[in-house]
Amino acid sequence: MRVSQFFLSTLKEPPADAEVISHQLMLRAGMIRRLAAGLYTWMPMGLRTLRKVENIIREEMNKSGAIEVLMPSIQPSELWQESERWDQYGPELLRLHDRHNREFCYGPTHEEVITDFVRKEIRSYKQLPVNFYQIQTKFRDEIRPRFGVMRAREFSMKDAYSFHLSKECLAKTYQIMFDTYQNIFTRLGLEFRAVEADTGSIGGNASHEFHVLAESGEDAIAFSNKSNYAANVELAPVNKVNDTPTTQKENKLEKIATPNQHTIEEVCAFLQVDASQIVKTLIVIGENDTLIALVLRGDHELNAVKAQKLADVADPLEFACEKDIQDQLGCKPGSIGPLNLNCTILIDHAAAELANFVCGANEDGFHHKEANWHRDFNNFDYDTSVDIRKIIEGDASPDGEGSVSIKRGIEVGHIFQLGDKYSRALKASVLGDDSKEQILTMGCYGIGVTRVVAAAIEQNFDEHGIIWPQAIAPFELSLIAVNMKKSNQVQTMCERLYSEIQDTGIEALFDDRELRVGLLFKDHELIGIPHRIVVSDRGLEQGNIEYKGRADTEAQTVPVDEIIPFLKNKIKI
RNA sequence: CGGGGUGUAGCGCAGUCUGGUAGCGCACCACACUGGGGGUGUGGGGGUCAGAGGUUCGAAUCCUCUCAUCCCGACCA
């Protein structure tokens, strides 16, 4: 492609409202433009990368045996009423009316449509298992779209849905999709991890998220340093360290005044103790609007996802207001402690292992020192202690092998074993080999296609711009001329090379603009094209072309005669 | 939806406090010089100062409302 016949629109400065690096670089490199909040136009440069991502996904999905379909983005409300999600989904579902005042929604996902399709089309167990996928535009009316296409309202997603007679069969396809996702993200050239995940609101059993590792990721992932274990921090369990908690010491329980010391930091500083020797007591709403105390070690953080799964705790987790705490427990939140507290108390096992600890005294301005569970608490039972804290760096790995380190990731894929939630609601069934009707079992598998593009940038950039993995670069090679206008030999060589490069199948962007070479370098580095050759009088006099990889620090010279094989070898067509 | 910003030329901003000719840099157009890392000069084009209402002789500037947008919290590919 010649730049003169393409559309290049780079910005020297990032627009002020772009915060994250991928958003800034996508705007500056002329990949996208914002139309409205969470809505983006893909410009020619960005679209080339988007299409490459799609194609890799499509190829690998096809290889896995999945079959491509394309469903409408607008869906009738009736299907959503059948699954009961019309009422459950909330304002994120963009609802609309047609001219006859019939209700529709813009699809945020396609479980209903595909299940409806399958119940009409699939009659026999002999047609199973089957896995349909599409690459299609979704709309989710996010409360706060942000970070450019990373969290847009309209976005492109690859969604696949598999149908089975049995859970065993589903598990097989699930494994195939797991492997396919590994292949896809490997081919995309991204550093990623498959992690165990919460099944969340979609429901179902097994679930894995695929995360692209990047500093700016919104999710925290816990890894074992010894095994393959990886899990979203929201989900990662924390193992009990001891079989029995530390035994009490001789020191007596002591009540001390801690005037105006409310937070853990304040109390620690005031009493000169470490946060790990203090217990914090959080009051949340339980089932039936009772209050429940969650007790954690002072240096640990509550894991809300784990806590709200406990039978007594309301889901979603909700903290009690100060007034209710004051009215029902007799003091302000800053002085609550588990000793003689008049409500259900759930103790995190790390807190239950403490001895001689500090805790609130349930009296404004007072704490206890030297508290011990077995000695000072009636009915304390270590075995009933619960796991409600966030795993932290250095904790033992949940699978028992090695310890945990934590990295940040961007969720780009998610696979679920759905079960029969939708097939049951929509009565999707087939006849089995016993001639009996059987409800289908489903799996679903998503990849955020547009998000992959942003995530790839978050993982691959420097101060000059994007550094594309070759598989998804908009162009593979930059052909730049120094002062072509004034040099016939440069111009002739560029035309010759451009033609020969095209014959190799390498996708080159030939910058034939009459601009200073510095400008050309800046533009091509910003766009992130992985390979670059420069043709100049200076080089040609020595019979050389200059080559530089986008991530290289030094350029190298290559004899003119060898440049095409050299490039073929570098770019591996 | 709560909290905090921001809306002035395509982009980045000043001007607003203290009302009085609409500005700067980049980009764009023309010409000339220049030519291996965002060069120089000369001359240009482009704005309903987010919108509406109000105060005033006079409003980008003061007041009221509306809209848009970004950042921090709960959701998700």
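The basis for the numbers below is simple: all heavy atoms, side chains too, and nothing from hydrogens, waters or symmetry mates. Protein chains get the first letters and strands the later ones, always in sequence-line order, with residue 1 at the start of each.
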### Message
Taking the P atom in each of A59(B) and G12(B), what is the distance between them to the nearest angstrom?
### Response
29 Å
### Query
Between Arg153(A) (CZ) and C75(B) (C1'), how many Å, whole number?
15 Å
### Message
Distance check needed: C76(B) C1' versus His211(A) NE2, whole Å only.
### Response
11 Å
### Message
Could you walk me through whether Asp537(A) and Gln489(A) satisfy the side chain to side chain donor-acceptor pair (under 3.5 Å) test, starting with their C-alpha distance in whole Å, then the side-chain angles of each, then the deciding distance to 0.1 Å, before giving a yes or no?
### Response
CA-CA 7 Å; Asp537(A) 276 325; Gln489(A) 67 166 348; 2.7 Å; yes
### Task
Using Watson-Crick or G-U wobble geometry with both distances below 3.5 Å, tell me the partner of G73(B), or none.
C1(B)
### Query
Starting at the 5' end of RNA chain B, which residue's closest nucleotide do you reach first, Val149(A) or Val482(A)?
Val482(A)
### Closest listed nucleotide, where the reference is the side chain of Thr450(A) and the choices are G37(B), C75(B), A77(B)
A77(B)
### Message
Taking atom CD as the centre, does Glu84(A) end up with more than 12 heavy-atom neighbours from other residues, nucleotides or ligands that are less than 6.0 angstrom away?
### Response
no
#### Entry: Under 3.5 Å on both distances, the Watson-Crick or G-U partner of C33(B)
G39(B)
### Query
Does Met150(A) or Glu525(A) map to a spot on RNA chain B nearer the 5' end, using the closest nucleotide for each?
Glu525(A)
### Message
In whole Å, I'd like the distance from the NZ atom of Lys486(A) to the C1' atom of A32(B).
### Response
11 Å
### Contact list for residues 23-43 of chain A, test salt bridge (Lys or Arg N to Asp or Glu O under 4.0 Å), sequence neighbours left out
none
### Message
Considering every strand and a 4.0 Å limit on heavy-atom distances, what is the contact class for Lys485(A): base, sugar-phosphate, or nothing?
### Response
base
### Task
Look at all strands and tell whether Pro14(A) reaches a base, only sugar-phosphate, or nothing, counting heavy atoms closer than 4.0 Å.
sugar-phosphate
### Query
Considering only the P atoms, how many Å lie between C28(B) and G10(B), rounded to the nearest integer?
15 Å
### Message
Contact list please: residues 455-464 of chain A against RNA chain B, heavy atoms, distance less than 4.0 Å, in numerical order.
### Response
none
### Query
Roughly, in whole Å, what's the span from CD in Glu92(A) to C1' in A77(B)?
11 Å
### Query
Hey, does the side-chain of Arg151(A) have a donor or acceptor N/O within less than 3.5 Å of a partner on the base of C75(B)?
yes
Tabulate atom names and distances for all N/O pairs under 3.5 angstrom spanning the protein and nucleotides 71-73 of chain B.
{"from": "C72(B)", "atom 1": "OP2", "to": "Arg144(A)", "atom 2": "NH1", "distance (Å)": "3.2"}
{"from": "C72(B)", "atom 1": "OP2", "to": "Arg144(A)", "atom 2": "NH2", "distance (Å)": "2.9"}
{"from": "C72(B)", "atom 1": "N4", "to": "Arg144(A)", "atom 2": "NE", "distance (Å)": "3.4"}

### Task
Before giving the answer on ring-ring contact (aromatic ring centres under 6.0 Å, His included), spell out for Phe132(A) and Phe117(A) the whole-Å C-alpha distance, their side-chain angles and the decisive distance to 0.1 Å.
CA-CA 10 Å; Phe132(A) 290 113; Phe117(A) 174 76; 5.4 Å; yes
Distances for protein N/O vs nucleotides 38-44 of chain B N/O pairs under 3.5 angstrom?
{"from": "G38(B)", "atom 1": "O2'", "to": "Lys12(A)", "atom 2": "NZ", "distance (Å)": "3.0"}
{"from": "G39(B)", "atom 1": "N7", "to": "Arg516(A)", "atom 2": "NH1", "distance (Å)": "3.1"}

### Query
For Lys138(A) and His110(A), does a side-chain donor sit closer than 3.5 Å to a side-chain acceptor?
yes
### Task
Quick one: label Val517(A) by what it contacts on the DNA or RNA (base, sugar-phosphate, nothing), any heavy atom closer than 4.0 Å.
sugar-phosphate
### Message
Closest approach to the side chain of Ala37(A), judged atom by atom: which nucleotide of C75(B), C70(B), A77(B) is it?
### Response
C70(B)
### Task
Using the six-membered ring wherever Trp is involved, compare the ring planes of His208(A) and Tyr174(A) and label them parallel, tilted or perpendicular (cut-offs 30° and 60°).
tilted
### Message
Once you apply a heavy-atom cut-off of 4.0 Å, does Arg532(A) come out as touching a base, just sugar-phosphate, or nothing?
### Response
base
### Query
Touch check for Val534(A), heavy atoms < 4.0 angstrom, all strands: base, sugar-phosphate only, or nothing?
base
### Query
Looking at Phe210(A) versus Phe178(A), is the centre-to-centre ring distance below 6.0 Å?
yes
### Query
Could you give the CG-to-C1' distance, from Leu94(A) to C76(B), as a whole number of Å?
16 Å
### Message
Within the 4.0 Å heavy-atom criterion, would you say Glu13(A) contacts the bases, only the backbone, or no part of the nucleic acid?
### Response
base
#### Entry: Residue-level proximity of residues 183-192 of chain A to RNA chain B when a heavy atom falls under 4.0 Å
none
### Task
Applying salt bridge (charged side-chain N to carboxylate O under 4.0 Å, His left out) between Glu59(A) and each of Lys158(A), Arg187(A), Lys52(A), report the one that passes.
Arg187(A)
### Message
Using whole Å, what does the distance between atom C1' of nucleotide A74(B) and atom CG of Leu302(A) come to?
### Response
14 Å
### Query
With rounding to whole Å, what would you report as the distance between G54(B) and G45(B) at their P atoms?
35 Å
### Query
Reckon Lys158(A) touches a base, only the sugar-phosphate, or nothing at all at heavy-atom distances under 4.0 Å?
nothing
#### Entry: Nucleotide opposite G23(B) in a Watson-Crick or G-U pair, distances under 3.5 Å
C13(B)
### Message
Taking the minimum atom-to-atom distance to the side chain of Arg34(A), which one of C70(B), G12(B), A77(B) wins?
### Response
C70(B)
### Message
Can you pull out the residues from residues 546-559 of chain A that lie within a 4.0 Å heavy-atom distance of RNA chain B?
### Response
Glu546(A)
## Note on the structure
By the Watson-Crick or G-U definition, both distances under 3.5 Å, G58(B) is matched with none
### Task
Mind calculating the distance between CD (Glu234(A)) and C1' (C76(B)) to the nearest angstrom?
11 Å
### Message
Students often get this wrong, so: under 4.0 angstrom with heavy atoms, is Leu520(A) touching a base, only sugar-phosphate, or nothing?
### Response
nothing
